[in-house]
Peer 1: 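Handing you a structure now.
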Amino acid sequence: MTKHMITFLLLLGIGAIFADLLTGFSADQNLNASAEFYATHTVSDTGAANIVTAIIVTFRGLDTLGEVTVLFLTAAIVALVLSGDMAGGFQVKPRRWPVGELLETGTRLLVPLIALFGAYVFINGHLTPGGGFQGGAILASAMLLMLLADPTRRFAHKTIARIESVSGLFYVFIGVLGLALAGGFLDNRILPLGDFGSLLSAGAIPLIYVLIGLKVGAEFSSIMTSLSESEDV
Amino acid sequence: MTLQNIAMSTGFILILIGLYGAMTHKNILRMIVGFTIAGTGTNLVLIAVGYLPGRAAPILNAAVPIETASATIVDPVPQALVLTAIVIGLGVTALMLAFAYKIHATKGTLDISKLTDLKW
């Protein structure tokens, strides 16, 4: 009972802070200085139509490299933590209950379409809402559907790891190219900026986002397969 | 009550609900769900802060021309921040689930009141 009282008082305090923040908040009428810079300089500097993409891939590209590294670490730690159970996990156990004709047939129809949509989302990251992280998550959802349709299915860990490391390597390589050929690390102007709004524009941004998409998709898939394979031991 | 205030108070309420769930439940899986809800609330608050009334998304095209961009788009920085936060949040959730699985495999329970190894 005392524990619930403490929790309640704590939440009341946090709630009071939030209420104070909420009542003291007044919406800006104009962009602040940094947002103003991004609004006016994005097109001339990077050629990307989606300003959020330009910030993530070019202006703060180094942070995104760190973020992808964090995801890689997560996938590696999940695999490490669950690895003891996976040692004998490759024997395929008989399915306990059938998943149903509807899901199996639907999977065969939907997986290619979902993969295609994921690729569309990360290739068009510089023009439309979307990008490497979203597209990678959509790719991984196709893998999830395949796992749902057949829980005993085993994916090739080596292929997933290879896609992941090759795309990471090329990502860093493009960054170093930017250092050598353009203004700095991960500068997208190593390729021509092209016509504003066309698919092949914004320099290296589409290339980098395709690599991020593949890397994120591979990392999410690796996390899911680790969790799925430990389940049936 | 503007759209922005509604979104922001919803975010704050979600944070409080998530923290309440994480602090009162004893089952680790329910605590993970609580943390995820609190994280979603944080993202909602961040997005609401970057919103400017009556403006468009920060994607330039024929309807949102380059010349008037700084007067017609919302702040793109919180949106980039939240994109990062969602991805990191997913990584944290995956780690929590993996550790929860490991705890269940070694101890046979997910109830934290039964995990007394570090209690004196």
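In the text below, chain A, chain B and the rest are named by the order of the sequence lines, each starting its count at 1.
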Peer 1: Between A:F18 and chain B, with a heavy-atom cut-off of 4.5 Å, which part of the residue counts as in contact: side chain, backbone, both or neither?
Peer 2: both

Peer 1: Check the surroundings of atom OH in A:Y171: do more than 12 heavy atoms from other residues, nucleotides or ligands lie under 6.0 Å from it?
Peer 2: yes

Peer 1: With a 4.5 angstrom heavy-atom cut-off, which part of B:I86 approaches chain A: side chain, backbone, both or neither?
Peer 2: neither

Peer 1: Quick check on B:L90 against chain A: is it the side chain, the backbone, both or neither that has a heavy atom closer than 4.5 Å?
Peer 2: side chain

Peer 1: Under a 4.5 Å heavy-atom cut-off, does chain B meet the side chain of A:F220, its backbone, both or neither?
Peer 2: side chain

Peer 1: With a 4.5 angstrom heavy-atom cut-off, is it the side chain or the backbone of A:E219 that approaches chain B, or both, or neither?
Peer 2: neither

Peer 1: Let's go through A:D63 and B:T84 carefully: what are the C-alpha distance in whole Å and the side-chain angles of both, what is the deciding distance for side-chain contact (heavy atoms from CB on, under 4.5 Å) to 0.1 Å, and is it a yes or a no?
Peer 2: CA-CA 9 Å; A:D63 299 350; B:T84 309; over 6 Å; no

Peer 1: To the nearest 0.5 angstrom, please state how far the OG1 atom of A:T74 sits from the CG atom of B:L95.
Peer 2: 5.0 Å

Peer 1: Which value, rounded to the nearest 0.5 Å, describes the distance between A:F25 atom CZ and B:T2 atom OG1?
Peer 2: 8.0 Å

Peer 1: What distance separates A:L11 CG from B:I15 CD1, expressed to the nearest 0.5 Å?
Peer 2: 11.5 Å

Peer 1: What are the two closest heavy atoms between A:L82 and B:A98, and how far apart are they?
Peer 2: CD2-O, 3.9 Å

Peer 1: Only one of B:I59, B:L60, B:D75 passes side-chain contact (heavy atoms from CB on, under 4.5 Å) with A:I51; say which it is.
Peer 2: B:L60

Peer 1: Please name the pair of heavy atoms, one in A:V78 and one in B:A94, separated by the smallest distance, quoted to 0.1 Å.
Peer 2: CG2-O, 4.0 Å

Peer 1: At what distance, to the nearest 0.5 angstrom, does NE2 of A:H4 lie from OG1 of B:T24?
Peer 2: 6.0 Å

Peer 1: Roughly how far, to the nearest 0.5 Å, is CD1 of A:I77 from CZ of B:F99?
Peer 2: 6.5 Å

Peer 1: In Å, rounded to the nearest 0.5 Å, how long is the span from CG of B:L97 to CG of A:L227?
Peer 2: 6.5 Å

Peer 1: Quick one: what part of B:V45 sits under 4.5 Å from any heavy atom of chain A, side chain, backbone, both or neither?
Peer 2: neither

Peer 1: Below 4.5 Å from any heavy atom of chain B, which atoms of A:T128 appear? Answer side chain, backbone, both or neither.
Peer 2: backbone

